[in-house]
Amino acid sequence: YARTLERKVEEFIDRFFYRERYLFRLKFFGFTRTVRSLLDLENLLEATVQFLQDTLVLNKVGVWVFEREADAYRLCGWKGGEEEKTFPKDSPFLAYLRKSERAVELESVQNVRSLRNEVKEIKEAGFSLAIPLLWEDGLLGFLLLGEKVNRKNFTIMEIEALEALAPKEGTAALLLGAGGA
């Protein structure tokens with residue numbers, strides 16, 4: 001009974017004092033339910049980028065997925081402009097992203113010598129945050145998120161929510177036909 005009461009009090013406090021955080025959490029929970037109902041990779045990726053752009057109010061977002069035939073990561077879903085950039089399987093930035101297993105703020109790695117050129121190019125394309133979509137076999141794909149329209153930084157809560165969403169996206173992508181690298 002005490003835990004139930006504690007949850008109700010926490011929800012009340014979030015709803016009335018931290019309304020933005022409460023609504024953000026509701027949107028993410030709703031989206032994870034949507035992911036389970038999508039039956040093909042194209043619809044999943046389209047729903048993902050639309051959700052992220054709307055929820056975080058981003059100027060652009062893209063998702064790249066590994067394609068075995070091309071032996072590279074190809075853009076499969078985007079909002080806010082089309083990017084035709086393909087990332088080779090042996091990209092230093094993707095090796096870093098795979099190894100980090102977490103969200104990477106491009107600003108924080110722009111001066112790493114081995115990543116400098118690639119990160120500069122990604123930033124010039126308008127992206128500021130990368131989220132790996134990992135599976136046991138490696139990196140299935142990744143999300144690149146542009147700046148927020150209001151120019152604010154991503155909050156810790158937003159980054160944690162994106163990191164929590166990534167395994168669900170990766171699992172769904174794997175089940176729907178994306179290959180691992």
Side-chain angles (χ1 to χ4, degrees), residues 24 27-28 31 35 41-135 138-170 172-173 176 178-181:
F24 181 80
K27 285 181 182 179
F28 261 86
F31 181 68
V35 165
L41 186 58
E42 186 177 325
N43 285 336
L44 169 68
L45 299 177
E46 183 64 28
T48 300
V49 296
Q50 185 68 56
F51 168 75
L52 293 173
Q53 187 178 41
D54 292 348
T55 302
L56 298 171
V57 193
L58 303 172
N59 59 9
K60 65 181 356 183
V61 60
V63 60
W64 279 257
V65 174
F66 183 71
E67 288 189 347
R68 289 185 198 281
E69 305 81 41
D71 203 32
Y73 293 85
R74 187 178 65 83
L75 181 66
C76 293
W78 62 91
K79 288 288 179 191
E82 290 189 39
E83 302 293 327
E84 289 300 321
K85 178 158 180 55
T86 299
F87 289 82
K89 181 179 177 179
D90 61 354
S91 153
F93 176 70
L94 296 185
Y96 182 88
L97 190 60
R98 184 181 304 112
K99 188 175 181 180
S100 75
E101 298 182 353
R102 304 217 46 191
V104 173
E105 293 181 271
L106 299 177
E107 190 79 23
S108 69
V109 295
Q110 68 184 354
N111 294 321
V112 175
R113 185 176 309 166
S114 63
L115 306 178
R116 191 175 294 142
N117 292 337
E118 201 170 9
V119 169
K120 180 182 178 193
E121 186 179 330
I122 296 167
K123 284 185 68 176
E124 285 174 354
F127 296 105
S128 62
L129 184 68
I131 310 289
L133 302 176
L134 298 167
W135 189 250
L139 188 68
L140 287 173
F142 58 96
L143 296 162
L144 287 178
L145 283 64
E147 293 181 353
K148 292 181 179 181
V149 172
N150 66 10
R151 300 253 192 242
K152 290 185 178 182
N153 291 328
F154 290 94
T155 67
I156 291 170
M157 180 188 69
E158 290 167 338
I159 291 172
E160 287 174 349
L162 289 164
E163 289 175 338
L165 176 67
K168 292 174 180 53
E169 271 311 295
L176 295 172

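We use all heavy atoms of the structure for the numbers below, so side chains are in, but hydrogens, waters and symmetry mates are not.
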(message) Once salt bridge (charged side-chain N to carboxylate O under 4.0 Å, His left out) is applied, what residue pairs with a partner in residues 103-117 remain, sequence neighbours excluded?
(response) Glu107-Lys123
(request) Check Ala72 against Thr86 and note the closest heavy-atom contact, atom names and distance. (result) CB-CG2, 3.5 Å
(request) Check Glu124, Glu118, Glu121 against Lys85 for a salt bridge (charged side-chain N to carboxylate O under 4.0 Å, His left out) and give me the one that passes. (result) Glu121
(request) Specify the closest pair of heavy atoms between Gly126 and Asn59, including all atoms of both residues, with the distance to one decimal. (result) O-OD1, 4.1 Å
(request) Not counting sequence neighbours, which residues clear ring pair (Phe, Tyr, Trp, His ring centres under 6.0 Å) with Phe87? List them please. (result) Trp64, Phe142
(message) If I take atom NZ from residue Lys60 and atom CD from residue Gln53, how far apart are they, to the nearest 0.5 angstrom?
(response) 10.5 Å
(message) Test your reading of the model: is there a side-chain donor-acceptor pair from Gln110 to the backbone of Val119, 3.5 Å cut-off?
(response) no
(message) Taking Asp54's backbone N and O only, do any of them form a donor-acceptor pair with Lys79's side chain (distance below 3.5 Å, no angle check)?
(response) no
(request) Would you confirm whether Ser100, through its side chain, and Leu97, through its main-chain N or O, come within 3.5 Å as a donor-acceptor pair? (result) yes
(message) Measuring only between side-chain heavy atoms, which start at C-beta, is Leu52 closer than 4.5 Å to Val63?
(response) no
Side chains of residues 154-162: which donor-acceptor partners sit under 3.5 Å, not counting sequence neighbours?
| residue | atom | partner | partner atom | Å |
| --- | --- | --- | --- | --- |
| Thr155 | OG1 | Glu158 | N | 3.0 |
| Thr155 | OG1 | Glu158 | OE1 | 3.4 |
| Glu158 | OE1 | Lys148 | NZ | 2.6 |
| Glu158 | OE1 | Thr155 | N | 2.9 |
| Glu158 | OE2 | Lys148 | NZ | 3.0 |

(message) When you compare the side chain of Phe51 with that of Val61, does any pair of heavy atoms fall below 4.5 Å?
(response) no
(request) Let me know which of Leu139, Leu140, Leu94, Asp71 forms a side chain to side chain contact (heavy atoms under 4.5 Å, CB included) with Phe66. (result) Asp71
